[in-house]
Amino acid sequence: RGTREYNIALSERRANGVKNILLLQGVSENQLEVVGYGEEKPVALVHDEQSWQLNRRVELVYPAN
């Protein structure tokens with residue numbers, strides 16, 4: 001509901017919070033990459049509170065080696 005820049009920054013802060021927790025749990029920093037998408041990749045497209053809650057998320061992606 002904010003500007004594109006605000007939402008990307010918020011997304012990055014959320015992802016960095018999860019990154020910090022993972023680092024405290026012993027995950028190596030070179031295994032982590034933080035990408036903030038803001039409103040660019042929603043999972044719910046409806047404009048209501050429930051959809052906005054679903055879109056406030058962090059996704060962990062494990063690449064295939």
Side-chain angles (χ1 to χ4, degrees):
R1 293 176 276 193
T3 65
R4 181 179 184 279
E5 293 80 13
Y6 173 82
N7 286 321
I8 288 174
L10 181 61
S11 170
E12 288 176 355
R13 285 195 305 272
R14 183 177 290 119
N16 278 316
V18 172
K19 176 184 176 181
N20 290 335
I21 291 169
L22 292 171
L23 291 172
L24 289 171
Q25 295 296 317
V27 175
S28 175
E29 186 161 9
N30 66 358
Q31 294 178 292
L32 301 172
E33 178 183 3
V34 172
V35 179
Y37 291 112
E39 295 178 322
E40 305 300 315
K41 292 191 174 188
V43 293
L45 301 176
V46 179
H47 293 284
D48 62 13
E49 191 59 43
Q50 183 178 6
S51 295
W52 294 325
Q53 286 177 358
L54 290 172
N55 288 330
R56 288 183 210 114
R57 70 190 189 285
V58 170
E59 294 182 9
L60 301 176
V61 179
Y62 298 94
N65 292 334

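All values below come from the heavy atoms of this structure, side chains included, with hydrogens, waters and symmetry mates left out. Given the structure is predicted, the values throughout are model-derived calculations rather than measurements.
In terms of heavy atoms, Arg13 sits closest to Tyr6 at NH2-CE1, 4.4 Å. Contact detail for Pro42 and Leu45: the closest heavy-atom pair is CG-CD2, 3.5 Å. The two atoms that bring Ser11 and Gly36 nearest to each other are OG-CA, 3.2 Å, heavy atoms only.
Separating the CG atom in Asn20 from the CD atom in Gln25 is a distance of 12.0 Å, to the nearest 0.5 Å. To the nearest 0.5 Å, the span separating CG on Leu10 from CD on Glu5 amounts to 13.0 Å.
For CD of Gln53, the number of neighbouring non-hydrogen atoms (other residues, nucleotides, ligands) closer than 6.0 Å is greater than 12.
Between Arg4 and Glu40 there is a salt bridge, since at least one side-chain N of the basic residue sits less than 4.0 Å from a carboxylate O of the acidic one.
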- Query: Checking salt bridge (Lys or Arg N to Asp or Glu O under 4.0 Å) for the pair Glu49/Arg56: CA distance, chi angles, key distance, verdict?
  - Reply: CA-CA 11 Å; Glu49 191 59 43; Arg56 288 183 210 114; 3.2 Å; yes
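Linking ILVMFWY side-chain heavy atoms closer than 4.5 Å, directly or via other members, places Tyr37 and Val58 in two distinct hydrophobic clusters. Cluster annotation: Leu60 and Val27 are assigned to the same hydrophobic cluster (Ile/Leu/Val/Met/Phe/Trp/Tyr, side-chain heavy-atom contacts under 4.5 Å, transitive). Val43 and Val46 fall into different hydrophobic clusters, where Ile, Leu, Val, Met, Phe, Trp and Tyr side chains are chained together by heavy-atom contacts under 4.5 Å.
Here the side chain of Asn16 pairs no donor or acceptor atom with the backbone of Lys19 at under 3.5 angstrom. Listed for the Asn7 side chain is no donor-acceptor partner under 3.5 Å among the backbone atoms of Glu39.
Every salt bridge (Lys or Arg N to Asp or Glu O under 4.0 Å) that Arg57 has, sequence neighbours left out, goes to Glu59.
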